[in-house]
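Read the structure below first, then the notes.
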Number of protein chains: 2
Amino acid sequence: MRKISSTNYHNQTFLEEKCALNELIHLLSKRWLTEVLFSIEEGNSRFSTLKEDLKYISDNILADRLKLLEQYKLIVRNSHLGEIPVRVEYSLTETGLRLSELLDGLCQFSEKEMEFPG
Amino acid sequence: MRKISSTNYHNQTFLEEKCALNELIHLLSKRWLTEVLFSIEEGNSRFSTLKEDLKYISDNILADRLKLLEQYKLIVRNSHLGEIPVRVEYSLTETGLRLSELLDGLCQFSEKEMEFPG
DNA sequence: CTGTATCCGATAAGATACTG
DNA sequence: CAGTATCTTATCGGATACAG
């Protein structure tokens, strides 16, 4: 729940309305989020395999990031109810795939053309 | 100064080492940073005109973002010492220009293909 | 197995006052 | 004009414990 504490809130809202890029970056900046996206793209479709792949991620963060990605329609959640224990699978949407391609481009750039201080 | 509080610090370091993209996104996620970059690209080269263009930004945040952009070699700072009062101008580097083009792509994407919840 | 709820420390943003 | 210093508050990440 975001508090409406005057400037902080209004500035962020202003930026997000000015250009959707700000909202997208705000999403991407959440730790692990891009890694989860990439990991799903690489074929990891289950909670447990994702957790294994991203070795240091915690349960609650992974759950939160999956929920976010689903809300933004970047992945879809598919639960196989008949089975016990319940099996849940995640996969990229078209938009999610497109985003991961764009991020790949940014990734190339950051590794080849950027210089990071300290 | 970043504290070495075990997991928090180590996770961020792990991610930044895994792929430079994470470090780049961490930079871009700082509020106003991309707007400052775009505003310079559009021809605003001085502290005062930038401040006017980005109407709600505060002095200290603008100063901080300019310093960051300079550290990452995305802009250059050019101060004309002979003049009183001192005139300082900022402009994009090659890398900064390239980044702003990539971000434009992301911006198109976010406005045309993304759906943002609530 | 796939999550949810609550708490706490760390970081980031902004307000305000001040400087060469 | 172009910043810097200090303080307060908001948000985020992670630990722990628990649930369907």
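All values below come from the heavy atoms of this structure, side chains included, with hydrogens, waters and symmetry mates left out. The sequence lines fix the lettering, A, B, ..., with proteins before strands; numbering per chain opens at 1.
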Nearest heavy atoms of [X] and [Y], plus distance in Å:
{"X": "B:Leu21", "Y": "A:Leu103", "answer": "CD2-O, 4.0 Å"}
{"X": "B:Ile40", "Y": "B:Ser91", "answer": "CG2-CA, 3.9 Å"}
{"X": "A:Cys19", "Y": "B:Cys107", "answer": "SG-SG, 2.7 Å"}
{"X": "B:Leu24", "Y": "A:Ser110", "answer": "CD2-CB, 3.8 Å"}

Q) Base, sugar-phosphate, or nothing for A:Lys51, non-hydrogen atoms under 4.0 angstrom? A)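 Result for A:Lys51 = nothing.
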d([atom1], [X]; [atom2], [N]) in whole Å:
{"X": "B:Leu15", "N": "D:dC12", "atom1": "CG", "atom2": "C1'", "value": "14 Å"}
{"X": "B:Leu68", "N": "C:dA12", "atom1": "CG", "atom2": "P", "value": "10 Å"}
{"X": "A:Leu62", "N": "D:dG13", "atom1": "CG", "atom2": "C1'", "value": "14 Å"}
{"X": "A:Phe14", "N": "C:dA13", "atom1": "CZ", "atom2": "C1'", "value": "16 Å"}
{"X": "A:Glu89", "N": "C:dG3", "atom1": "CD", "atom2": "P", "value": "12 Å"}
{"X": "A:Leu50", "N": "C:dC1", "atom1": "CG", "atom2": "P", "value": "13 Å"}
{"X": "B:Ile75", "N": "D:dA2", "atom1": "CD1", "atom2": "P", "value": "13 Å"}
{"X": "B:Asp64", "N": "D:dT6", "atom1": "CG", "atom2": "C1'", "value": "15 Å"}

Q: Not counting sequence neighbours, list each pair that qualifies as a salt bridge (Lys or Arg N to Asp or Glu O under 4.0 Å) and has a residue in residues 29-48 of chain A.
A: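 Matches after skipping sequence neighbours: A:Glu35-B:Lys18.
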Q: Name the orientation class of the two ring planes belonging to B:Phe116 and A:Tyr72 (parallel below 30°, tilted from 30 to 60°, perpendicular beyond 60°).
A: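 Plane angle over 60°, so perpendicular.
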Q | Approximate separation, where rounding is to 0.5 Å, of B:Leu54 CG and B:Trp32 CH2 | A |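 Answer for the CG-CH2 pair, B:Leu54 versus B:Trp32, is 6.0 Å.
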Q. Within the distance-only criterion (no hydrogens, no angle test), does the side chain of B:Asn44 pair as donor or acceptor with the backbone N or O of B:Ser39 below 3.5 angstrom?
A.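 Confirmed, B:Asn44 side chain pairs with B:Ser39 backbone.
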Q) So, does A:Thr93 use its side chain to make a donor-acceptor pair with the main chain of A:Leu74 at under 3.5 Å? A)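 Yes.
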Q | Rounded to 10 degrees, the angle between the two terminal axes of the helix from C:dC1-D:dG20 to C:dG20-D:dC1, each from five pairs | A |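 Roughly 50° between the end axes, to the nearest 10°.
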**Q.** Position toward the 5' end of DNA chain C (nearest nucleotide), B:Ser29 or A:Thr49
**A.**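 First, find each residue's nearest nucleotide; the 5'-ward one identifies A:Thr49.
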Q. Does B:Arg46 make a side-chain N or O approach to OP1 or OP2 of D:dA2 shorter than 4.0 Å?
A.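 Affirmative; the distance criterion is met.
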Q | Phosphate OP1/OP2 of D:dC12 contacted by A:His26 side-chain N/O (<4.0 Å) | A |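 Checking A:His26 against D:dC12: at least one side-chain N or O falls below 4.0 Å of OP1 or OP2.
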Q: Go along nucleotides 14-20 of chain C 5' to 3' and tag each nucleotide: B for a protein heavy atom under 4.0 Å from its base, S when only backbone or sugar atoms are that close, - otherwise.
A: BBB----
